[in-house]
Colleague: 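Below are the structure tokens for one structure; questions will follow.
Letters A, B, ... mirror the listed sequences (proteins, then strands); counts begin at 1.
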There are 2 protein chains.
Amino acid sequence: MKSISETEQLEKSKKKTTEERRQDILEAALNIFTEKGYNGSTTAEIAKAAGVAEGTIFRHFATKKELLIAVLKPKILTGIISLDKEQEDPVEFFRCFLKNRLELIKENDGLVRFMFAEAQYHDEVREALSNGILGDGINIVKPWFNKGVEEGVFKPIPFPAMMRSFMGMVLFYGIFNHVFPGFSPEKTIDEAADQILELFLNGLLIK
Amino acid sequence: MKSISETEQLEKSKKKTTEERRQDILEAALNIFTEKGYNGSTTAEIAKAAGVAEGTIFRHFATKKELLIAVLKPKILTGIISLDKEQEDPVEFFRCFLKNRLELIKENDGLVRFMFAEAQYHDEVREALSNGILGDGINIVKPWFNKGVEEGVFKPIPFPAMMRSFMGMVLFYGIFNHVFPGFSPEKTIDEAADQILELFLNGLLIK
DNA sequence: CATAGGAGTGAGTAATCACTCATATTATTT
DNA sequence: AAATAATATGAGTGATTACTCACTCCTATG
């Protein structure tokens, strides 16, 4: 009977389904890729880390590059912000959005840095980035920025310039801490977010 | 006679000195590395681009990694800002510094992105970055920031947070434009610098 | 001129790579 | 239980890699 064998599988936790194996490979690939880079990683070590034979990788993914794309695709679209309260205030939106992004970056630190590194060399990654997390960010922020400008709260500066600077402040948070470990003394995300937001909203000058 | 043969060399421009060949290799390596990444480049194609035999590379550099370091070392320490006038005003300093860095980044666009990409994976590059352009930036900016705070012009926010955001805004300029070609409509560096500075100094909010 | 020494060369080498395929193992159906 | 199908395996493969070395070429010196 079908149900018996399936139950046995679950109870003993020995055998894995095809999908579970696929996930094992994806997870291992993500770890190895983020640590050593795409060209610095071998399919042999990914297989070892995933606990499968090297050939098994190529049963699930036709090529190494296809594996790379499969690793990035689901990651790149996650983390869409949810504004829990029915938010109306553009300033509050920026606060929520900023914290959301910083948390995302902290949780996926290696991944984010990996994506920006490989975007250098792989068109596919660059497209995934601009269709994914970066493009999403732009689409989410734009109407709130416009709302703030219309309400007379924000200065009517060019959107691209604002967006570029904002994302630079946010994304560089992780990169900087990686190159300069220990340079930033903040202990919590909230603290870092508050400092970034204060500078972003009010600037360095005392008025 | 010595002088005759040397003169012949210069006039005919056929033979190259050891140092000139070394420079040819470094230049070719820089181009190939920035285009394809370290692990994506082969010593064979670097040799071809430099117009030398592959063996010649290893007469000048013991290993490929040593070549990488030799490529980055001189680049990483250049571009120290020169404040042409005897500047006293902290705000003016930031304006000069910002323009200087943006020009540097525009001129060495591929190199900067390459350095940050490889800093992901190579300790040596990370150290070179923190000892070089990033560390320099910190050392240059810090006294001016402190001066501004003492004079009551700048807010006394934590230096690391300020520095991180500032460098993020600046460095992300090049990265962003590479991932989103055409997103930023500014035509000149000065225009981009003004927009970044305005946001950095005064913030997004209308007071 | 003869000879020595340093620089350049490129075919050669061992190692490593992504990927294949014949076989083994497991799961499902009859 | 037997037959069939699906999946996993890892030794094998040709291509590619960083690096070597026996040799050539060029110039400087006695």
Side-chain angles (χ1 to χ4, degrees), chain A residues 1-26 28-29 32-33 36-71 118 121-122 124, chain B residues 1-26 28-29 32-33 36-71 118 121-122 124:
Chain A
M1 266 156 41
K2 204 175 186 177
S3 60
I4 284 179
S5 70
E6 275 183 357
T7 308
E8 276 177 341
Q9 281 179 23
L10 290 172
E11 279 172 2
K12 294 190 180 176
S13 295
K14 295 246 161 120
K15 295 291 172 288
K16 294 194 171 185
T17 67
T18 301
E19 182 55 28
E20 280 171 338
R21 254 177 220 285
R22 200 187 133 94
Q23 290 304 321
D24 286 348
I25 294 168
L26 284 173
I32 306 282
F33 279 156
K36 307 192 174 186
Y38 176 75
N39 279 321
S41 308
T42 68
T43 50
E45 65 185 324
I46 292 171
K48 196 178 175 188
V52 301
E54 197 170 355
T56 306
I57 290 181
F58 292 96
R59 193 160 285 280
H60 290 268
F61 309 96
T63 64
K64 188 187 173 192
K65 190 146 228 164
E66 199 172 281
L67 173 60
L68 169 69
I69 302 302
V71 166
E118 298 298 330
Y121 314 124
H122 304 282
E124 303 93 329
Chain B
M1 269 158 32
K2 204 176 188 177
S3 60
I4 283 180
S5 69
E6 276 185 357
T7 309
E8 275 178 341
Q9 279 180 22
L10 292 172
E11 279 174 2
K12 293 190 180 177
S13 295
K14 295 247 162 120
K15 296 286 172 291
K16 294 195 171 184
T17 68
T18 300
E19 182 54 28
E20 279 170 338
R21 255 178 220 284
R22 201 185 131 93
Q23 289 305 321
D24 285 350
I25 294 168
L26 284 172
I32 306 282
F33 279 156
K36 307 193 174 185
Y38 176 75
N39 278 320
S41 307
T42 68
T43 50
E45 65 186 323
I46 291 171
K48 197 178 173 188
V52 301
E54 198 169 354
T56 306
I57 289 181
F58 293 96
R59 198 160 280 283
H60 290 267
F61 309 95
T63 63
K64 188 186 172 191
K65 189 147 227 163
E66 199 171 283
L67 173 60
L68 169 70
I69 303 302
V71 166
E118 299 297 332
Y121 314 122
H122 305 282
E124 303 94 327

Colleague: Please state how far atom CG in A:Leu68 lies from atom P in C:dC17, giving the value in whole angstrom units.
Modeller: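 After rounding, the reported distance stands at 17 Å.
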Colleague: On the 0 to 90° scale, with breaks at 30° and 60°, tag the A:Tyr38-A:His122 ring pair as parallel, tilted or perpendicular.
Modeller: perpendicular
Colleague: Looking only at heavy atoms, what is the nearest atom pair of A:Ser41 and A:Lys64, with distance?
Modeller: O-NZ, 2.8 Å
Colleague: Atom NZ of B:Lys16 and atom P of D:dC26: how far apart are they, to the nearest Å?
Modeller: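 About 17 Å, once rounded to whole Å.
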Colleague: Using every non-hydrogen atom in the two residues, find where A:Ile46 and A:Ile25 come nearest and quote the distance to one decimal.
Modeller: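 Looks like CG2-O, 4.3 Å.
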Colleague: What heavy-atom pair brings B:Ala29 and B:Val71 nearest, and what distance separates the two atoms?
Modeller: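 Nearest pair, atom of B:Ala29 first, then B:Val71: CB-CG2, 3.8 Å.
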Colleague: Round to a whole Å and report the spacing from NZ of B:Lys64 to P of D:dC19.
Modeller: 8 Å
Colleague: Find the distance B:Arg59:CZ to D:dC19:P and express it as a whole number of Å.
Modeller: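 Atom CZ in B:Arg59 sits about 15 Å away from atom P in D:dC19.
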Colleague: Considering only D:dG10, C:dA18, C:dG10, which nucleotide approaches the side chain of A:Ala53 most closely?
Modeller: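 From the listed options, D:dG10 comes nearest.
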Colleague: In this structure, how many angstroms lie between the C1' atom of C:dA18 and the CD1 atom of A:Ile32, rounded?
Modeller: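 Those two atoms, CD1 and C1', are 16 Å apart.
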Colleague: Starting from P on C:dC21, measure out to CD on A:Glu54 and report it in whole angstrom.
Modeller: 15 Å
Colleague: Hey, does B:Thr42 reach any base, or is it just sugar-phosphate, or nothing, if we go heavy atoms under 4.0 Å?
Modeller: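 Sugar-phosphate contact only - B:Thr42 comes under 4.0 Å of backbone atoms but never of a base.
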Colleague: Over how many whole Å does the gap from A:Ile57 atom CD1 to C:dT20 atom P extend?
Modeller: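 Interatomic distance, CD1 of A:Ile57 to P of C:dT20: 13 Å.
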Colleague: Please report, rounded to the nearest Å, how far the P atom of C:dA18 is from the CG atom of B:Asn39.
Modeller: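 Checked: the CG to P distance equals 11 Å.
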Colleague: Indicate whether OP1 or OP2 belonging to C:dA7 is found under 4.0 Å from a side-chain N or O atom of B:His60.
Modeller: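 No, no such contact exists.
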Colleague: Would you say a side-chain N or O of B:Arg21 is under 4.0 Å from OP1 or OP2 of C:dG8?
Modeller: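 Checking B:Arg21 against C:dG8: at least one side-chain N or O falls below 4.0 Å of OP1 or OP2.
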Colleague: From C:dA7, D:dT9, D:dC19, pick the nucleotide closest to the side chain of B:Thr63?
Modeller: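 Looking only at heavy atoms from C-beta outward on B:Thr63, the closest nucleotide is D:dC19.
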